[in-house]
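Order of appearance sets the numbers: ligands from 1, and atoms from 1 within every ligand.
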Amino acid sequence: MKLYDFSLAPNPRRVRIFLAEKGIEIPMVQVNTREAEQFSDWFQKINPRGTIPVLELDDGTLISESVAICRYFEETQPEPPLMGRDATDRAVVEMWNRRVEIEGIGAVAAVLRNTLPMFEDRAIAGIPSGVPQLPALAERGRGGYGIFLERLDERLGESRFIAGDGFTIADITAFVAIDTALRVEMGVPEARANVRRWQAEVAARPSASA
Ligand SMILES: N[C@@H](CCC(=O)N[C@@H](CS)C(=O)NCC(=O)O)C(=O)O
């Protein structure tokens with residue numbers, strides 16, 4: 001089994017933090033997306049969509065999509081649970097994780113992909129060229145990120161972690177989104193005190209450095 005990873009990319013980091021929380025260690029293969037290695041012949045055979053992370057199982061099964069990879073490890077090593085313990089819990093965790101992916105990761109990605117020079121002419125991940133950056137999408141992403149933080153702050157005013165009392169994949173997704181947003185100068189304003197309280201707590205976990 002191995003994980004196709006890149007130490008500087010946010011989505012693979014979600015999986016690395018998840019694995020660190022579970023205490024799972026597996027071999028990692030670096031795919032340098034800053035040098036277009038995702039478009040190389042060898043990696044296109046692993047994932048023709050040109051994205052990381054990808055998990056390769058010993059029987060050759062290839063799983064891309066961060067949450068699908070996390071699901072595999074949750075099923076094969078349930079402790080500690082990071083995706084909910086029972087039916088209700090699992091649905092609540094999934095609800096929050098989806099919200100964070102769509103509202104948080106979606107907004108941050110819109111800003112990054114439509115502003116950073118390294119994404120010029122490739123504003124969609126996995127597409128080598130021909131996708132221009134659109135400043136209006138970046139601007140809307142910035143607005144969306146503000147709404148995301150506002151809603152997250154409200155939620156974290158009522159519970160310790162995003163999906164409830166326990167740390168879950170939803171916290172990992174949000175933590176990585178917020179950390180990545182710093183690359184485009186989008187910090188967490190002081191007024192979002194609940195988010196800052198939660199962020200400090202998550203940053204103090206050993207897994208945060210994964
Ligand atoms: N929804 C996918 C997103 C994967 C994704 O966009 N990965 C980025 C790295 S964070 C990538 O592979 N980018 C390749 C590119 O920029 O062409 C997941 O969660 O796995």
Side-chain angles (χ1 to χ4, degrees), residues 1-21 26 28-57 61-75 82-83 93-134 137-138 141 144-145 148 162 168-184 186 207-210:
M1 183 190 296
K2 55 186 148 182
L3 183 74
Y4 296 90
D5 173 43
F6 182 45
S7 55
L8 300 176
N11 282 298
R13 186 175 177 213
R14 295 163 66 190
V15 174
R16 291 200 307 272
I17 295 177
F18 193 93
L19 291 174
E21 287 284 336
I26 59 165
M28 309 260 181
V29 177
Q30 293 293 301
V31 181
N32 190 333
T33 52
R34 299 215 172 160
E35 288 177 6
E37 210 176 354
Q38 72 274 35
F39 304 120
S40 64
D41 289 346
W42 78 266
F43 187 73
Q44 284 286 308
K45 290 190 188 106
I46 302 292
N47 183 10
R49 289 178 172 244
T51 59
I52 46 170
V54 178
L55 177 68
E56 182 173 347
L57 302 182
T61 303
L62 294 162
I63 304 169
S64 58
E65 289 302 322
S66 312
V67 179
I69 296 170
C70 292
R71 168 62 62 199
Y72 175 82
F73 289 111
E74 182 81 355
E75 299 293 325
L82 296 170
M83 298 176 96
V93 171
E94 184 155 340
M95 172 182 79
W96 280 108
N97 194 53
R98 289 293 292 147
R99 286 174 169 173
V100 174
E101 281 201 304
I102 294 164
E103 298 168 8
I105 298 256
V108 175
V111 180
L112 255 78
R113 302 275 341 176
N114 288 287
T115 56
L116 296 187
M118 69 175 153
F119 297 131
E120 194 182 348
D121 200 41
R122 43 184 233 90
I124 294 179
I127 309 288
S129 63
V131 185
Q133 293 181 317
L134 302 177
L137 285 182
Y145 187 64
F148 164 68
I162 295 175
T168 70
I169 189 172
D171 298 292
I172 297 174
T173 307
F175 183 72
V176 171
I178 287 171
D179 226 33
T180 306
L182 295 174
R183 293 188 193 178
V184 281
M186 299 194 297
S207 65
S209 59

Just by modelled atom types, is the V31 backbone N or O under 3.5 Å from a matching donor or acceptor in the Q38 side chain?
no

Taking only non-hydrogen atoms of F39 and a 4.0 Å limit, the atoms of ligand 1 in range are 17 (O)

Under 3.5 Å donor-acceptor, Q133 side chain and R113 backbone
yes

Could you please spell out the steps behind the side-chain contact (heavy atoms from CB on, under 4.5 Å) verdict for V15 and L55?
CA-CA 10 Å; V15 174; L55 177 68; over 6 Å; no

E21 vs S207, side-chain hydrogen bond (donor to acceptor under 3.5 Å, both in side chains): CA-CA, chis, key distance, verdict:
CA-CA 6 Å; E21 287 284 336; S207 65; 2.6 Å; yes

Considering the heavy atoms of P53, write down every atom of ligand 1 situated less than 4.0 Å from one of them.
20 (O)

Exam field: side chain R13 to backbone A208, donor-acceptor pair closer than 3.5 Å
yes

Would R98 and E101 satisfy salt bridge (charged side-chain N to carboxylate O under 4.0 Å, His left out), going step by step from the backbone distance to the final call?
CA-CA 5 Å; R98 289 293 292 147; E101 281 201 304; 3.2 Å; yes

Please write down residue, atom name and distance for the protein heavy atom closest to atom 18 (C) of ligand 1.
S66 OG, 3.3 Å

Identify, by atom number and element, the atoms of ligand 1 in contact range of A9, meaning under 4.0 Å from any of its heavy atoms.
9 (C), 10 (S)

Apply the side chain to side chain contact (heavy atoms under 4.5 Å, CB included) test between T173 and each candidate in I178, I162, I105; give the one that qualifies.
I105

Shortest protein heavy-atom distance from atom 12 (O) of ligand 1, along with the residue and atom involved
I52 N, 2.9 Å

Who gets closest to atom 16 (O) of ligand 1 by heavy atom: M118, R13, R113, R14?
R113

So is there a nitrogen or oxygen of A125 less than 3.5 Å from a nitrogen or oxygen in ligand 1?
no

So which protein heavy atom does atom 15 (C) of ligand 1 come closest to, and at what separation?
Q38 NE2, 3.1 Å

To the closest 0.5 Å, what do you measure between OG1 (T180) and CG (L8)?
11.0 Å

Is there a nitrogen or oxygen of T51 sitting under 3.5 Å from a nitrogen or oxygen of ligand 1?
no

Among all protein heavy atoms, pick the one closest to atom 2 (C) of ligand 1 and tell me residue, atom and distance.
E65 OE1, 3.3 Å

What protein heavy atom sits nearest atom 5 (C) of ligand 1, and how far away is it?
N11 ND2, 3.4 Å

Suppose I only count heavy atoms of G126 and a 4.0 Å limit; which atoms of ligand 1 are within that range?
14 (C), 15 (C), 17 (O)

